[in-house]
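Here is the structure we will look at, set down as structure tokens.
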Amino acid sequence: MKRTALAVIAVLALAGCGNDKAPVASDQNSDKSPLAEYMGDGFVNSSGGGFRVATRAGGAQQPSEEDLAKQRKVEDATAACMKAAGFEYVAVPPEQNAKGKFSDAFNLPPDKFAQQYGYGISTIDWSKAGDDDTNPNTKIRKALSPAAQKAYDKALNGPNASGNGAILIQGGSDGGPNSSGQQDLGCRGKAVKQVYGDDAGKNIDFKKFQSLFKDIEALQKRIDSDQRVVDATTAWTDCMADAGHAGFKKVSDPRDQIQQKLDALTGTQPPAKGGPAKTLTGPPSFDKVDAAKLSDLRKSEIELAVADQKCKAKGYDDAYKKVQYEQEKEFVDQHKAELEAYRDETANR
């Protein structure tokens, strides 16, 4: 359970390999590659788009009874802490949270997902992923004044929490998360530490894995430059042009184009490469976005994603996966000790 929970931290450490603001929805049905066996649940090598860590809605694996028992203890401890802080919080059984808000979307086949959600960028308001009207605590929070909501969020998740439960994490100068000290994660963090021990509240020192992350970036470049992938990419580009979407040279370009357009609508500034330390937050809300422009973007996203998916399915996906698995298997053989160290470090959190 702890290893899965660390996915949000791991994606920051891999920010240089892919810095998406929203979960990689259309990649969620990917099976585990050789490298994913070591990097943890939700690690996916997205063709043409770098390596990403994302969590499947509802979790990547079924929790054991021991895990469920510990989650119940965390909820009970959170409720007690919130009560002491002057707030009402209802301990929610983990079984009630088994199904994520967008789990039905995640379980769709790639072509069906594209038809309904495109890439899941502008079509899903990820800032509301944590909203659940069946959860009594959602109703409790919504009944509070704006000022009281901020105080509630701070008590529950610490001073760096946003309203949707996302934690603001100050990045380090090397582009990864700043692992010095401990984050104040409020009552929830205290409860997790109480149940799982002191290590649960500590960030992993990702600096000692920087060499591994750089090697993974180099691996990605080798996969992309393999002649089989280059030829498949050319065929994909031609297919996209025939479908009325000319000009894309990299497989990641269509997704990036939609993300950039959404950034423009929401006023989100993408992080500058090689810039100073930055604060990474959860996805922006669509509440104040021009509804007509958002509707147009969603239509264009779905149209583009459908064409993209069809063109990839004509040969690119198979070619890429063959090269990916070959290269990753070789990489695992050469970096086994480092990968086992990373796996063990994350498993112990």
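Since we're looking at a predicted model, the values are computed, not measured.
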Taking only residues at least two apart or on different chains, which pairs with a member in residues 294-304 satisfy side-chain hydrogen bond (donor to acceptor under 3.5 Å, both in side chains)? Ser122-Glu301
Students often mix this up, so state it plainly: with edges at 30° and 60°, are the rings of Phe331 and His335 parallel, tilted or perpendicular? parallel
Looking just at side-chain N and O atoms, do Asp153 and Gln149 make a donor-acceptor pair shorter than 3.5 Å? no
What pair of heavy atoms forms the shortest contact from Met240 to Phe248, and how long is it? CE-CD1, 4.0 Å
Following the transitive rule for hydrophobic clusters with a side-chain heavy-atom cut-off under 4.5 Å over Ile, Leu, Val, Met, Phe, Trp and Tyr, establish whether Ile223 and Leu35 coincide in one cluster. yes
Just to verify, what does Lys329 make a salt bridge (charged side-chain N to carboxylate O under 4.0 Å, His left out) with, not counting sequence neighbours? Asp333
Do any side-chain atoms of residues 85-94 form donor-acceptor pairs under 3.5 angstrom with protein atoms, and if so which ones, sequence neighbours left out?
residue: Tyr89; atom: OH; partner: Glu75; partner atom: OE1; Å: 3.0
residue: Tyr89; atom: OH; partner: Glu75; partner atom: OE2; Å: 3.1

What verdict does the salt bridge (charged side-chain N to carboxylate O under 4.0 Å, His left out) test give for Lys249 and Asp253, after you've listed the backbone C-alpha separation in whole Å, the side-chain angles of each residue and the deciding distance to 0.1 Å? CA-CA 7 Å; Lys249 301 299 182 184; Asp253 285 349; over 6 Å; no
Output all residues satisfying salt bridge (charged side-chain N to carboxylate O under 4.0 Å, His left out) with Lys310, sequence neighbours left out; order by chain, then residue number. none
SB check Lys221 Glu217 (cutoff 4.0 Å): no
Applying salt bridge (charged side-chain N to carboxylate O under 4.0 Å, His left out), can you list everything that pairs with Arg72, at least two apart in sequence or on another chain? Glu65, Glu95
Flag yes if Phe286 and Tyr119 sit in one hydrophobic cluster, no otherwise; membership is Ile, Leu, Val, Met, Phe, Trp, Tyr, and two members link when side-chain heavy atoms are under 4.5 Å apart. yes
The side-chain hydrogen bond (donor to acceptor under 3.5 Å, both in side chains) partner of Gln324 among Gln327, Lys322, Glu328, Lys321 is Glu328
Sort and list the pairs that fulfil salt bridge (charged side-chain N to carboxylate O under 4.0 Å, His left out) and have at least one residue in residues 227-236, not counting sequence neighbours. Asp226-Arg228, Arg228-Glu326
Taking Asp256 first and then Lys250, would you say they form a salt bridge - that is, a charged N and a carboxylate O separated by under 4.0 Å? no
Are any side-chain N or O atoms of Trp126 and backbone N or O atoms of Ser285, one a donor and one an acceptor, separated by less than 3.5 Å? no
So if you build clusters from Ile, Leu, Val, Met, Phe, Trp, Tyr with side-chain heavy-atom gaps below 4.5 Å, do Tyr117 and Val306 land together? no
Over 60° means perpendicular and under 30° means parallel, so classify the ring planes of Phe209 and Tyr342, tilted if in between. perpendicular
Could you state the interatomic distance from CG (Asp215) to CG (Leu339), rounded to the nearest 0.5 Å? 9.5 Å
side-chain hydrogen bond (donor to acceptor under 3.5 Å, both in side chains) between Gln220 and Asp224: does it pass, once the steps are laid out? CA-CA 6 Å; Gln220 176 64 60; Asp224 289 339; 2.9 Å; yes
OH on Tyr316 to CG on Asp318, rounded to 0.5 Å: 11.5 Å
